[in-house]
Protein chains: 2
Amino acid sequence: MKEQLENKSTPLFPISTAAELLGISVHTLRMYEKEGLIVPFKKDSNQRRYSRADLERIQCVRRAINEDKISIEGIKRMLALIPCWSIMKCSDKEREACPAYINMEKPCWAYNLEDNVCAKMNCSECEVYNSFVECNSIKDYMKQNWGK
Amino acid sequence: MKEQLENKSTPLFPISTAAELLGISVHTLRMYEKEGLIVPFKKDSNQRRYSRADLERIQCVRRAINEDKISIEGIKRMLALIPCWSIMKCSDKEREACPAYINMEKPCWAYNLEDNVCAKMNCSECEVYNSFVECNSIKDYMKQNWGK
DNA sequence: GAAAGTTGATATTTATAAATACCAAGTATT
DNA sequence: AATACTTGGTATTTATAAATATCAACTTTC
């Protein structure tokens, strides 16, 4: 029994239910995923299951695109600024070998990292991914860390 | 004699020359400025003069828009992440009153700040503005500050 | 085991951001 | 004082990102 209690990250809804709840099409959801904006849980059969946190995150993405007029590429670049290397306490050696540290086109969870901490874990359960659900969270994070 | 030597931030070119050097229209330049992406020097007569650093910055903006497909709104949000409050050593009181600290839609230099350090100075000569000419500089800055 | 829902992929539509063109009034240059 | 350039504004064009539609093969559900 790894996870008994239901929480915000519990995989619940199949794609059609998620789409309905959000008022968007199933294809749009898959497109966001392909772009690396979201990482829904996948069952063994490869079917997606969306959590409440996923829905919240998708609403943020949606607002960013449709109201704030930030392009998907722009959102990806912003998410690429999350200091995952610091949160995951990567060694200098790991950093120098990690495309998520080196590059800046997309968030760490949009890579398929095979030779560091991230290889062992599922991004949909990772602290990095789950600490930045809300859109404002990146600037808030910077404010905290550059307090003085 | 405040500034005798010519450097990267020396105001040199009128708008038409800048446009020609960059291969874009005069109006596009004004548009970038209106959006708050650039702050060229202005003469007393209100005419713009572009420095070499301005040209470099505009090339970065251009690449971001046309090659990387980041929208102008997206660029603004990225630049809004620059921790100006830390660079300028703003007090807690100043921070709490500053829209550039509170909000996240646009870079600090796109505001007309009247009641803090920024009121006294010209953004085109400010350290914050001049430390982030290159597009990669924000992530680089984060890497430096979250080294360990 | 039949019906409903899912998978990924490509092709098409639509909404709009980015750039351009045009304007009259003001400034610079000779 | 005449010519060339700049100012800020709106109105228009164009390039394309975001979303939709359609597809055959595969999975879930009852």
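- Donor-acceptor pairing under 3.5 Å, judged by distance alone, is present between the side chain of A:His27 and the base of C:dA9.
- Looking at every heavy atom in both residues, A:Arg95 comes nearest to A:Tyr101 through O-CD2, 3.4 Å.
- The main-chain N or O of B:Ser124 is found under 3.5 Å from a side-chain atom of B:Asn130 such that the two form a donor-acceptor pair.
- Whole-Å rounding puts the A:Ile24 CD1 to C:dA15 C1' distance at 17 Å.
- Residue-environment remark: CD (A:Glu20) stays at or below the threshold of 12 foreign heavy atoms within 6.0 Å.
- Nearest to the side chain of A:Arg49, among C:dT27, C:dA18, D:dT29, sits D:dT29.
- Here the C1' atom of nucleotide C:dA18 and the CZ atom of B:Arg63 are 18 Å apart, to the nearest Å.
- Look at B:Arg62 and you won't find any side-chain N or O under 4.0 angstrom from OP1 or OP2 of C:dA18.
- Separating the CD1 atom of A:Ile70 from the P atom of C:dT16 is a distance of 16 Å, rounded to the nearest angstrom.
- Side chain of A:Thr28, nearest nucleotide from D:dT20, D:dA18, C:dT7: D:dT20.
- Atom NZ of B:Lys43 and atom C1' of D:dC5 are 11 Å apart (whole Å).
- The residue A:Lys69 sits close only to the backbone: its heavy atoms come under 4.0 Å of sugar-phosphate atoms, none of a base.
- Side-chain proximity of A:Arg48 to C:dT7, D:dT28, C:dA19: nearest is C:dT7.
- In this entry the distance linking CD of B:Glu33 with C1' of D:dG8 reads 11 Å, nearest Å.
- Mapping B:Ile15 and B:Asn66 onto DNA chain D by nearest heavy atom places B:Ile15 closer to the 5' end of the strand.
- Nucleotides of DNA chain D nearest to A:Gln47 and A:Tyr32 differ in position, and the one nearer the 5' end is that of A:Tyr32.
- Proximity note for A:Lys42 (side chain, C-beta onward) versus C:dT27, C:dG5, C:dG8: the nearest is C:dG8.
- Taking the six-membered ring for Trp and thresholds of 30 and 60 degrees, B:Trp146 and A:Tyr141 have ring planes inclined between 30 and 60 degrees apart.
- Residues A:Glu73 and A:Lys76 are paired through a salt bridge, judged by an N-O separation under 4.0 Å between the basic side chain and the carboxylate.
- When heavy atoms are screened at a 4.0 angstrom cut-off, B:Ile72 is found touching the sugar-phosphate backbone but no base atom.
- The nearest whole Å value for the distance from the CD atom in B:Glu73 to the C1' atom in D:dA17 is 15 Å.
- Within 4.0 Å of B:Ile65, counting heavy atoms only, lie sugar-phosphate atoms of the nucleic acid but no base atom.
- Heavy-atom distances to DNA chain C give each of A:Ser45 and A:Lys34 a nearest nucleotide, and the one nearer the 5′ end belongs to A:Ser45.
- Note on A:Ser16: a side-chain N or O is less than 4.0 Å away from OP1 or OP2 of C:dT6.
- Taking atom CG of A:Asn46 as the reference point, atom C1' of C:dG8 lies 10 Å away to the nearest angstrom.
- Within the 4.5 Å cutoff, side-chain heavy atoms of B:Pro99 are placed close to those of B:Leu113.
- Atom CG of B:Leu29 and atom P of C:dA18 are 15 Å apart (whole Å).
- Of all nucleotides listed (D:dA18, D:dT7, C:dT7), D:dA18 comes nearest to the side chain of A:Met31.
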